[in-house]
Amino acid sequence: VELALGIDLGGTTVKAGVVGEDGNLRSWVTQPSAEREGPQAWAQAGRQAAARAIELADRAATRIGISVPGAVDARRGVLLDMAARLSGTEIDLAALFAEFGLPVRADNDANAALSAERRWGGHGTAADLVLLTIGTGIGSAVVVGGAPLGHGRPLAGNLAGHLTIEPDGAPCVCGNRGCGETIASASALIAAARSQGLDVAEAADVFDAEARGDERAADAVWRFLDGLATIVVNAIHAYRPEVVVLAGGVMARSDRILPAVHAAVAERAWMIPPGSVKVVASNLGPKGPVMGAAAIAFEGNP
Ligand SMILES: [Zn+2]
């Protein structure tokens, strides 16, 4: 089995792992992201995680895949833009990881996650699919007629979380206002709970507080779920997929999230025949982002 090193340069954490072509993880490393300290510190965190993942694996990887939450020219392996984060600076991702001496491919994190869903997540045969990744931000990737939308054009299909759902809403990192991401990302859920005076570190804490009957948490969760449902309805109206796959750490609470989204879709989404678009949680779980990074390494010709 050939192995790839997958590196996910996320907004909050950097994750790396060695993944077999069979989808089995051989190693797994996660560490806080230094993104706010600038691209060099961020890449350094990525290289550290990658080196550790290589050490921990039983066999050597032969290629590298890198996923980032931004606009990527996948043909060149270049990060073009990351909204407000690294605005306007082109970064050659392949060069940043050249020290490993392996062929490098890079793509937007949602495109990478889509590649993993099709390869290992049980969605390889869907001709029309929307994937939403819900984390620090919200990413999306779209399959139309069996092929990824846009044929590699940067950001094509990646902005379903950046459709405006509140015209007078908060400014978004992308430059728009009231994007779905400002309401239904994990970080937005945490921020909403904190603004109500709740002491929470992660999205799971907000769901836990809601389950204990905390009304402030319930308000925050309601706003999150209503926003997420709106994003899903918008995605169905825009792309009319067979299936919408929801991925990201918050989907550990799919028992809470899916029924609310299903109810909203049944009530609000127009589709023929009625009820024909499935909305499901990803099967890949918390390892999904690293598997996505590895999946794009396997896609490429080294
Ligand atoms: Zn936005």
Side-chain angles (χ1 to χ4, degrees), residues 8-13 33 35-36 39 42 67-74 79-91 106-114 130-142 148-150 152-195 202-203 206 220-239 241 244-251 257 261 264 268-269 289 292:
D8 177 58
L9 298 174
T12 307
T13 57
S33 164
E35 179 200 47
R36 280 186 195 83
W42 188 49
S67 68
V68 290
V72 177
D73 181 341
L79 176 61
L80 301 172
D81 194 12
M82 283 191 65
R85 293 156 176 151
L86 304 171
S87 196
T89 319
E90 275 201 14
I91 295 174
D107 207 340
N108 169 272
D109 56 352
N111 289 345
L114 173 64
V130 173
L131 170 70
L132 294 170
T133 60
I134 304 147
T136 308
I138 295 182
S140 65
V142 178
L149 181 73
R153 212 161 57 245
L155 295 181
N158 297 144
L159 299 181
H162 294 275
L163 299 174
T164 298
I165 67 173
E166 263 190 353
D168 299 321
C172 181
V173 292
C174 74
N176 191 18
R177 285 190 308 272
C179 293
E181 174 172 308
T182 67
I183 294 164
S185 60
S187 41
L189 172 62
I190 294 164
R194 285 178 178 164
S195 75
E202 42 190 283
V206 189
V221 170
W222 183 88
R223 180 172 161 78
F224 166 83
L225 291 175
D226 189 58
L228 182 58
T230 300
I231 294 169
V232 172
V233 169
N234 283 347
I236 291 170
H237 287 176
Y239 302 115
V244 178
V245 181
L246 303 180
V250 297
M251 294 312 294
I257 293 170
V261 173
R268 294 165 51 193

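Worth knowing before you read on, the calculation uses all heavy atoms, side chains too, and leaves out hydrogens, waters and symmetry mates. Atoms within each ligand, like the ligands themselves, are counted from 1 in listed order.
- Here 4 is the count of protein N, O or S atoms positioned under 2.8 Å from the Zn ion (ligand 1), waters not counted.
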Inset, instruction - Start with the C-alpha distance between Arg177 and Thr182, add both sets of side-chain angles, then the distance that settles side-chain hydrogen bond (donor to acceptor under 3.5 Å, both in side chains), and finish with yes or no. - result: CA-CA 8 Å; Arg177 285 190 308 272; Thr182 67; over 6 Å; no
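- By the side chain to side chain contact (heavy atoms under 4.5 Å, CB included) test, Ala269 is found to be paired with Val233, Ile236, His237, Val265, Met271, residues two or more places apart in sequence or in another chain being considered.
- Taking Asp8 as the reference, Lys15 meet the salt bridge (Lys or Arg N to Asp or Glu O under 4.0 Å) condition, with sequence neighbours excluded.
- Looking only at atom types and distance, the side chain of Thr136 has a donor-acceptor partner in the side chain of Thr12 under 3.5 Å away.
- A side-chain donor from one of Thr164 and Asn176 sits under 3.5 Å from a side-chain acceptor of the other.
- Listed by chain and residue number, nothing satisfies the side chain to side chain donor-acceptor pair (under 3.5 Å) test with Arg153 (two or more places apart in sequence, or in another chain).
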